[in-house]
K.L.:
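Please see the structure below; I have some questions.
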Amino acid sequence: MRRHRRAQLARGLALLPPGAILAVDGSRNDGIDGVAKQLAAVLPLAGVLPKAHGRLVWVERPAVLPPDVDAWAVAARPAPNRDGFVTRPGLFSADGIDPGSAALAAVLPGRLSGRVADLGAGWGWLA
């Protein structure tokens, strides 16, 4: 999940013109403290506003993004997982086939017929 969050931060910064503000809001349960630390490691935080059980943090987009921000975007590009399927960070079980899906596939008939919907498919291995 960390690679996915970093990629979203990198994307947000890349879309902004220099001098614009990137604001990130979140709860402590969702990891806003970690996001703030990741941002602060590469850019000075322009502000932090605690609120209820979370925070709002923001940075100013510099004219030239630090190399670490570009590395965040590169690390989140689609790539083969341990099972050889191309996935990207942030998807359910992106690193490989999850045990629940493997167990379900083991009891399904060799070929399904009719109409099937795989909702919440993650990267779609069962589909």
Side-chain angles (χ1 to χ4, degrees):
M1 190 56 93
R2 179 177 285 188
R3 286 186 298 164
H4 177 67
R5 286 183 183 156
R6 285 181 176 176
Q8 295 302 314
L9 294 171
R11 182 171 185 247
L13 287 164
L15 290 170
L16 294 173
I21 299 295
L22 175 71
V24 184
D25 177 43
S27 73
R28 295 188 194 285
N29 290 342
D30 291 332
I32 189 63
D33 293 333
V35 171
K37 287 178 186 174
Q38 290 170 22
L39 272 173
V42 297
L43 292 169
L45 293 181
V48 177
L49 178 66
K51 55 181 228 67
H53 297 285
R55 285 192 204 192
L56 173 67
V57 298
W58 61 95
V59 295
E60 183 176 325
R61 202 268 198 209
V64 177
L65 291 173
D68 286 346
V69 173
D70 292 330
W72 292 352
V74 169
R77 288 183 182 153
N81 66 18
R82 68 174 173 252
D83 295 308
F85 295 93
V86 176
T87 65
R88 64 177 175 79
L91 296 176
F92 172 74
S93 191
D95 294 332
I97 300 166
D98 68 285
S101 293
L104 177 58
V107 297
L108 289 174
R111 181 159 173 84
L112 296 176
S113 62
R115 294 181 183 204
V116 177
D118 187 354
L119 305 175
W123 50 275
W125 179 74
L126 278 173

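Since the structure is predicted, the reported quantities are computational estimates derived from the model, not experimental observations.
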K.L.:
Give a yes or no on whether the backbone of Gly100 and the side-chain of Asp98 come within a donor-acceptor separation of less than 3.5 Å.
P.N.:
yes

K.L.:
Give, for atom CZ of Arg5 and atom CG of Asp30, the distance between the pair rounded to the nearest 0.5 Å.
P.N.:
7.0 Å

K.L.:
Before accepting this row, confirm whether a basic side-chain N of the pair Arg55/Asp33 lies closer than 4.0 Å to the acidic partner's carboxylate O.
P.N.:
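Result for this pair is yes, salt bridge flagged.
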
K.L.:
Is there a path from Leu22 to Trp72 through hydrophobic residues (I, L, V, M, F, W, Y) whose side chains come within less than 4.5 Å of each other?
P.N.:
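Both belong to a single hydrophobic cluster.
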
K.L.:
Do Leu56 and Val35 belong to the same hydrophobic cluster, where Ile, Leu, Val, Met, Phe, Trp and Tyr are linked whenever their side-chain heavy atoms lie under 4.5 Å apart, directly or via other members?
P.N.:
no

K.L.:
Report whether Ile32 and Trp58 are members of the same hydrophobic cluster (ILVMFWY, side-chain heavy atoms less than 4.5 Å apart, transitive linking).
P.N.:
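No: no chain of side-chain contacts under 4.5 Å links Ile32 to Trp58.
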
K.L.:
Is the Trp123 ring parallel, tilted or perpendicular to the Phe85 ring (thresholds 30°, 60°)?
P.N.:
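Judged by the thresholds at 30° and 60°, the geometry between Trp123 and Phe85 is tilted.
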
K.L.:
With clusters defined by side-chain heavy atoms of hydrophobic residues (ILVMFWY) lying less than 4.5 Å apart, directly or transitively, does Leu104 cluster with Trp125?
P.N.:
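They do share one cluster, since a chain of ILVMFWY contacts under 4.5 Å joins Trp125 to Leu104.
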
K.L.:
Would you indicate whether the side-chain heavy atoms of Val59 and Val42 approach each other to under 4.5 Å?
P.N.:
no

K.L.:
Rounded to the nearest 0.5 Å, what's the gap from CG on Leu9 to NE2 on His4? Could you check?
P.N.:
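Nearest 0.5 Å value for the CG-NE2 distance: 10.0 Å.
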
K.L.:
Minimum heavy-atom separation for Pro78 and Val86, please, with both atom names.
P.N.:
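Closest pair (atom of Pro78, atom of Val86, distance): CB-CG1, 3.8 Å.
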
K.L.:
Any chain of hydrophobic side-chain contacts (each under 4.5 Å) joining Ile97 to Leu108?
P.N.:
yes

K.L.:
Please answer whether the main-chain N or O of Ala63 pairs with a side-chain N or O of Arg61 as donor and acceptor at a distance below 3.5 Å.
P.N.:
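Here the side-chain-to-backbone pair exists.
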
K.L.:
Can you tell which of Leu43, Ile21, Leu16 makes a side chain to side chain contact (heavy atoms under 4.5 Å, CB included) with Glu60?
P.N.:
Ile21

K.L.:
Take a 6.0 Å sphere around CZ of Arg28 and say whether it holds more than 12 heavy atoms from other residues, nucleotides or ligands.
P.N.:
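Count over threshold, so yes.
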
K.L.:
Which pair of non-hydrogen atoms, one from Val57 and one from Ala36, has the smallest distance, and what is that distance?
P.N.:
CG1-CB, 3.9 Å

K.L.:
Ignoring hydrogens and geometry, is there a side-chain-to-backbone donor-acceptor pair from Arg3 to Ala76 under 3.5 Å?
P.N.:
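Such a contact is absent between Arg3 side chain and Ala76 backbone.
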
K.L.:
Does any N or O in the side chain of Asn81 come within less than 3.5 Å of the main-chain N or O of Thr87, such that one atom is a donor and the other an acceptor?
P.N.:
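Not at all, since once roles are kept as given, no pair shorter than 3.5 Å links the two residues.
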
